[in-house]
2 protein chains.
Amino acid sequence: MVQAPSRRDRVRAATTQEIIQTARRLLVQQGPDAVSLRAIAREMGMTAPALYRYFGSHEELLRHVVADIFTELASYVRAAIHDAAAGAAGLREAEVMAVKMIAGCRGFRAWTLEHVPEFSMIFGSPLPGLEVLREVHRDPTVDCGYQFGRVFLDLFGDLYRRRPFPIPADDDIDPALAAQLARYRELTGSDLPLGALQTFLRCWVLLYGTVSLEAFGHMRFALDDPAPMFELMLADLAPMIGLPYPLPERSG
Amino acid sequence: MVQAPSRRDRVRAATTQEIIQTARRLLVQQGPDAVSLRAIAREMGMTAPALYRYFGSHEELLRHVVADIFTELASYVRAAIHDAAAGAAGLREAEVMAVKMIAGCRGFRAWTLEHVPEFSMIFGSPLPGLEVLREVHRDPTVDCGYQFGRVFLDLFGDLYRRRPFPIPADDDIDPALAAQLARYRELTGSDLPLGALQTFLRCWVLLYGTVSLEAFGHMRFALDDPAPMFELMLADLAPMIGLPYPLPERSG
DNA sequence: CGCTTTGATTAACGCCGTTAATTGATTACG
DNA sequence: CGTAATCAATTAACGGCGTTAATCAAAGCG
């Protein structure tokens, strides 16, 4: 049986949240190097060691910040999908699904470009010493990362069930990959065929590559404004999942 | 008229190179946080302020490290392409080109996986305050980045001239993109049509996305070993540039 | 009331980038 | 040759960092 949280625990949780939000504000306003224990404490009218009541280390605090960012990104993308679906009432089902998928991808990009420091924190080079922890402690980062992945996976599954598109047969999938896809399917409790999961991951590679190149500025060697490349990517992505693209748009 | 470098200048350049190599060794052996002026100096039997004779700041030193890494990566990929070409003597021209292109991509991935810290440094989230400098100081980072890009661009151009593949006509390219592609073509002195450059950048997005997802571990939410995804990406990439894939391989 | 727990403090350690002042060696040249 | 200038390095110091230990005041509670 789970105990109801005491008043002190609630205060504690609230303070924890304040710390995370302060850290995010520093991240956004002054860059990643400004997210120091001392700066956060200063900002909150405390001293640095006080934060050790809430987090075991600077790195643990950062992992909670990452988790918070993942959660916000997930709800942002969910909202973008939801809004697009509302705006697409009356269209045929295939088109509604296309609108939702495109909106999810565009939402991901829009959030990223508005939150480059946060994006860097969750999708850039991993914090040193993070990977080892993946399986050890229950890391909030991992759970929230999964939660974000689920937004796209659910949408993708919805699309596949309503409007199945061509996917490779199990026998056409590299056995080494198929085994891992099966594990992933089990992990997520999905009921999609392996081929659909493979296509899902190919889409994720496309989306992540395009958006992170743009966010990190690694396309500036050629382009000042990589926005058209994103649309090109969508044009590549849509036929992979049986969607019409470009859509009949109602607004630019 | 350019003066011959004096003995002192040569010593200076040699020391500069030693510093950069020491920094890289620290990066590889002890991670990005270990690349501090003090640690580098310690490693070289000096004190930290001495390094200011060679670099104006810690960040400037890091930019030179980045440039050095770019240069090494470029020559690694060039060598991989060269070796593959040597091994493909006797095949038909289309197949030779395919072998070279695939070897370049595989070389890029292989180097990355063997040099994850270095890859993170040059292709991860940009160092804070870097982007503003792009146009101001002559930054070695930028030049060496271009030099790396040229490896693939040259190979790509070679391929297109020998075995033209379908590309979009100029009129089918988003005007906003076409203008930038024209600028890029001018910058690089290339003679490729805009459509080929567009295809080139789409390939770069695919390659970068796949490799960086793998290097940064952002695919571990689904796959322990993303290697099969790389081969899938190659299978997507090859038809974009008119190459047969999979190739008749001589060794796994 | 007294004891414990809680949440904070201050002081300190060793690290960092950076600057200023200084020192020793080497070079340049009158 | 001898002296002045230059160069490459040093030491000392500043402020900031993460982290730890010792301390302290208030709250909770028997």
Please give, in whole Å, the distance from [N] [atom2] to [X] [atom1]?
| X | N | atom1 | atom2 | result |
| --- | --- | --- | --- | --- |
| M46(B) | dT23(C) | CE | C1' | 16 Å |
| H58(A) | dG16(D) | NE2 | P | 16 Å |
| R53(A) | dT19(D) | CZ | P | 16 Å |
| L61(B) | dT18(C) | CG | C1' | 14 Å |
| L51(B) | dT11(D) | CG | P | 14 Å |

- Query: Below 4.5 Å, heavy atoms only, C-beta onward: do M233(A) and V211(A) meet side chain to side chain?
  - Reply: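 With C-beta onward as the side chain, the pair stays apart.
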[N] OP1/OP2 closer than 4.0 Å to side-chain N/O of [X]:
| X | N | answer |
| --- | --- | --- |
| Y52(B) | dT18(C) | yes |
| R12(A) | dG7(C) | yes |
| T47(A) | dA8(C) | no |

- Message: Using every non-hydrogen atom in the two residues, find where V35(A) and I40(A) come nearest and quote the distance to one decimal.
- Response: CG1-CD1, 4.0 Å
- Message: Within the 4.0 Å heavy-atom criterion, would you say Y54(B) contacts the bases, only the backbone, or no part of the nucleic acid?
- Response: sugar-phosphate
- Can you name the side chain to side chain contact (heavy atoms under 4.5 Å, CB included) partners of Y76(B), sequence neighbours left out? A110(B), W111(B), E114(B)
- Task: Return the orientation label for the F148(B) and F70(B) ring planes: parallel under 30°, perpendicular over 60°, tilted otherwise.
- Result: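 Tilted, since the angle between the ring planes falls between 30° and 60°.
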- Taking the inter-plane angle between the rings of F108(A) and F152(A) on a 0 to 90° scale, is it parallel (under 30°), tilted (30 to 60°) or perpendicular (over 60°)?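 Geometry flag for F152(A) against F108(A): perpendicular rings.
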- For R202(A), enumerate each residue passing the salt bridge (charged side-chain N to carboxylate O under 4.0 Å, His left out) test, keeping only those at least two apart in sequence or located in another chain. D236(B)
- Which residues within residues 34-45 of chain A lie with some heavy atom under 4.0 Å of an atom in DNA chain C?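 Nucleic-acid contacts, sorted: R38(A).
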- Note on the structure: Out of dT10(D), dA11(C), dA8(C), minimum distance to the side chain of P49(A) belongs to dA11(C)
